[in-house]
Each structure stands twice: as structure tokens, then as C-alpha cells.
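For reference, the structure is listed below as C-alpha cells.
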2 protein chains.
Amino acid sequence: MNVNRIFAALASLPRRQIIAFLSQTALSTTDLAARFGTSAPAVSRHLSVLQHAGLVSAGRQGQRVMYRLNRDVLLGALAQFASEVDGPLRRAAQPARTPREAI
Amino acid sequence: MNVNRIFAALASLPRRQIIAFLSQTALSTTDLAARFGTSAPAVSRHLSVLQHAGLVSAGRQGQRVMYRLNRDVLLGALAQFASEVDGPLRRAAQPARTPREAI
DNA sequence: AATACGATTAACATTCATGTTAATAGTATG
DNA sequence: CATACTATTAACATGAATGTTAATCGTATT
């Protein structure tokens with residue numbers, strides 16, 4: 001899991017919006033394009049970036065390619081980054097403390 | 001706390017590196033510029049972005065301006081984004097309600 | 001096989017981000 | 001007060017990202 005690549009993927013607002021949509025249900029490229037104002041090719045490239053970062057998975061179903069979110073990867077990356085930032089000082093001071101149970 | 005602004009700030013690799021440095025200790029602009037290969041003005045603008053996002057705080061000490069990381073803001077934003085992604089489906093799918101400590 | 005539909009890639013233009021050097025502002029010190 | 005040091009802003013150039021339309025590929029349907 002490449003945290004830098006994942007955060008680079010999360011850099012873009014449209015991609016975070018795509019993730020928000022995919023957090024509810026699996027969607028195809030045109031589904032997402034319809035939910036945005038944008039074109040299918042634009043969505044397709046965003047999905048490609050997300051996929052290479054490991055954040056989404058693609059599965060073809062007939063003509064459509066359905067994308068779904070890899071929650072574990074996303075949450076894992078957030079947790080890792082959080083621990084990198086939270087780590088050095090706090091672990092020295094308070095070994096057992098985690099900021100929040102979710103991450 | 002503006003999650004979009006925070007993620008936009010986290011988009012940049014140099015800024016995440018700055019955050020990594022500041023997670024260890026407070027540093028001045030030139031301190032950070034020395035740790036990078038980059039110039040002071042470049043660092044200064046990155047720090048400005050981070051500060052407007054609320055991720056770092058500045059405090060002048062004599063000639064120097066010391067920057068330190070606002071861990072709570074950063075970790076809070078990560079937790080909020082995580083809960084947004086983690087939330088909808090899991091709360092709907094899980095028969096037992098997940099306690100919402102959502103921040 | 002021919003056509004239609006969905007997805008991706010190519011090519012292009014435009015906008016945004018990053019870094020550099022030069023100039024300006026603020027603070028301390030001789 | 002003049003000088004030195006730190007930080008920030010201005011102006012500029014360059015590279016990357018995003019979106020558009022047109023073209024290509026894959027799959028299904030008739």
C-alpha cells in the first residue's frame with residue numbers, strides 16, 4: 001500500500017467526490033459521469049488513477065464496468081498516515097492512546 | 001474544520017513532508033528549507049497553505065517564526081473523512097448500530 | 001456480420017501548482 | 001541609526017492536472 005500514491009489520488013476534489021459516491025454503491029463510468037456534470041472520459045481517467053492507487057476495483061458486467069470502493073485500502077492508508085503523524089511524540093508520552101477508534 | 005481544504009493541503013508531497021518534520025518538533029521556515037533542497041519562499045508558501053487549512057500554527061520568536069503542527073485538526077479531518085467513507089454502507093448493512101462517535 | 005452501446009485512449013487547450021530569483025517587511029544587534 | 005538576518009510577497013517560467021471532443025476497443029444484440 002503506497003500512502004503517497006493514495007494521497008496523490010485523494011488530492012483531487014472530483015476524485016474525492018467519486019469516492020463519496022462509490023462509498024454508497026458500485027457504479028459504472030457513465031453512472032458517475034451522469035452524477036457529475038463531467039464527461040465520461042474525464043471520469044474514466046479519474047477512475048484509472050484511483051484504481052492504480054488501489055482505492056477502487058473494477059469488474060466488468062456485460063458492457064458496463066462496475067467500480068467499487070476498496071474501503072480497507074483507503075481506511076488503512078488514512079490510519080497509516082495518522083500513525084506517522086501521531087506516532088513519534090505521542091507514543092513516547094502515551095503508549096496506549098489512539099485518537100479515535102475509527103482510524 | 002474544512003475537510004476539503006485540508007485534503008487539498010495534504011495533496012502536495014512537499015507539504016506532507018513538512019508535516020512529517022513538524023510532527024517531530026516545531027521548526028522555522030529556514031529550518032525546513034534547509035531540510036529540503038528547496039528555497040525559503042517555496043517553504044513559506046507551503047506553510048501558508050497549511051496554516052490556512054488550520055493544520056499548523058505560527059508563533060514568532062524573535063526573528064524566527066516557529067511553526068508547529070496542529071495534530072488534533074489533522075487527525076480530526078482524517079477521522080471525519082474516514083467516517084464519511086466508512087459510514088453509509090456499513091451503518092446500513094450492520095444490524096447492530098455502530099456507535100456514532102463521528103467527528 | 002452489422003449495429004449499437006459502454007469504456008478507454010489520443011490529442012488538444014486551458015488552468016493550476018511549484019519552484020526560482022528579486023524585492024519588501026519585520027526584528028534584533030552592533 | 002545602520003546593518004544583518006528571517007520571513008513573506010511579487011513576478012516569472014515551467015511542468016502537471018483537468019476537461020473537452022474525436023477516435024478506438026470490447027461487448028452485446030439483432
Side-chain angles (χ1 to χ4, degrees), chain A residues 2-22 25-70 74 77 81, chain B residues 2-22 25-70 74 77 81:
Chain A
N2 186 339
V3 174
N4 274 340
R5 198 165 200 173
I6 288 176
F7 268 87
L10 295 179
S12 153
L13 177 59
R15 283 197 288 270
R16 288 198 303 280
Q17 291 174 326
I18 286 177
I19 286 177
F21 280 123
L22 293 184
T25 179
L27 292 171
S28 71
T29 305
T30 49
D31 289 340
L32 285 163
R35 279 164 174 77
F36 284 74
T38 68
S39 63
V43 171
S44 182
R45 266 189 327 189
H46 283 306
L47 286 169
S48 174
V49 172
L50 291 171
Q51 193 176 359
H52 280 86
L55 288 172
V56 305
S57 298
R60 186 176 272 274
Q61 285 182 2
Q63 295 172 327
R64 325 167 71 82
V65 176
M66 302 304 290
Y67 285 90
R68 89 195 93 74
L69 179 63
N70 295 335
L74 174 53
F81 182 69
Chain B
N2 186 339
V3 174
N4 274 341
R5 200 165 199 174
I6 288 175
F7 268 88
L10 294 179
S12 152
L13 177 60
R15 283 197 286 271
R16 289 197 303 279
Q17 291 174 327
I18 287 177
I19 286 177
F21 281 123
L22 293 183
T25 179
L27 292 170
S28 72
T29 305
T30 48
D31 289 339
L32 284 164
R35 281 164 173 77
F36 283 75
T38 69
S39 63
V43 171
S44 182
R45 266 190 327 187
H46 283 305
L47 286 168
S48 173
V49 172
L50 291 171
Q51 192 175 359
H52 281 86
L55 288 172
V56 305
S57 298
R60 185 176 273 274
Q61 284 182 3
Q63 295 172 327
R64 326 167 70 82
V65 176
M66 302 303 289
Y67 286 90
R68 88 194 95 74
L69 179 63
N70 295 335
L74 174 52
F81 183 68

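Naming convention: chains lettered A, B, ... in sequence-line order (proteins, then strands); numbering from 1 in each chain.
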Report the distance from atom [atom1] of [X] to atom [atom2] of [Y], rounding to the nearest 0.5 Å.
X	Y	atom1	atom2	answer
B:F81	A:I19	CZ	CD1	5.0 Å
A:M66	A:L22	CE	CG	9.0 Å
A:L50	A:S57	CG	OG	11.0 Å
A:N70	A:L74	CG	CG	9.0 Å

Notebook entry, point to check: Of all residues at least two apart in sequence or in a different chain, which pass the salt bridge (Lys or Arg N to Asp or Glu O under 4.0 Å) check with A:R64?
Noted result: A:D31
Next item on the list: Return each pair, listed once, that meets salt bridge (Lys or Arg N to Asp or Glu O under 4.0 Å) where at least one residue sits in residues 44-55 of chain A; pairs must be two or more places apart or across chains.
Entry: none
Check: Which pair of non-hydrogen atoms, one from B:A77 and one from B:I6, has the smallest distance, and what is that distance?
Finding: CB-CD1, 3.5 Å
Item checked: Over all atoms of both residues, closest heavy-atom pair of A:L69 and A:L55 -> CD1-O, 3.4 Å
Rounded to the nearest Å, what distance is computed from the [atom1] atom of residue [X] to the [atom2] atom of nucleotide [N]?
X	N	atom1	atom2	result
A:L10	D:dA17	CG	C1'	16 Å
A:R5	D:dA17	CZ	C1'	16 Å
A:F7	D:dA17	CZ	P	17 Å

Check: Going 5' to 3' on DNA chain C, which nucleotide is the first and which the last to come under 4.0 Å of a heavy atom in chain B?
Finding: C:dT18 to C:dA28
Notebook entry, point to check: Phosphate oxygens OP1/OP2 of D:dA7: is one of them under 4.0 Å from a side-chain N or O of B:T30?
Noted result: yes
Check: Under 4.0 Å between a side-chain N/O of A:S12 and OP1 or OP2 of D:dT18, yes or no?
Finding: yes
Check: Which parts of residues 39-48 of chain A get close to DNA chain D, meaning a heavy atom less than 4.0 angstrom away?
Finding: A:S39, A:P41, A:A42, A:R45, A:H46
Checklist line | Strand-adjacent residues in residues 49-69 of chain B, judged by heavy atoms under 4.0 Å from DNA chain D | finding: B:Q63, B:R64, B:V65, B:Y67
Next item on the list: Compare all side-chain heavy atoms of A:L13 with those of A:R16 and state whether any distance is below 4.5 angstrom.
Entry: yes
Note to self: Counting C-beta onward and ignoring hydrogens, is there a side-chain heavy-atom pair between B:L27 and B:I18 closer than 4.5 Å?
What the structure shows: no
Check: Among all residues two or more places apart in sequence or in another chain, which pass the side-chain contact (heavy atoms from CB on, under 4.5 Å) test with A:S48?
Finding: A:H52
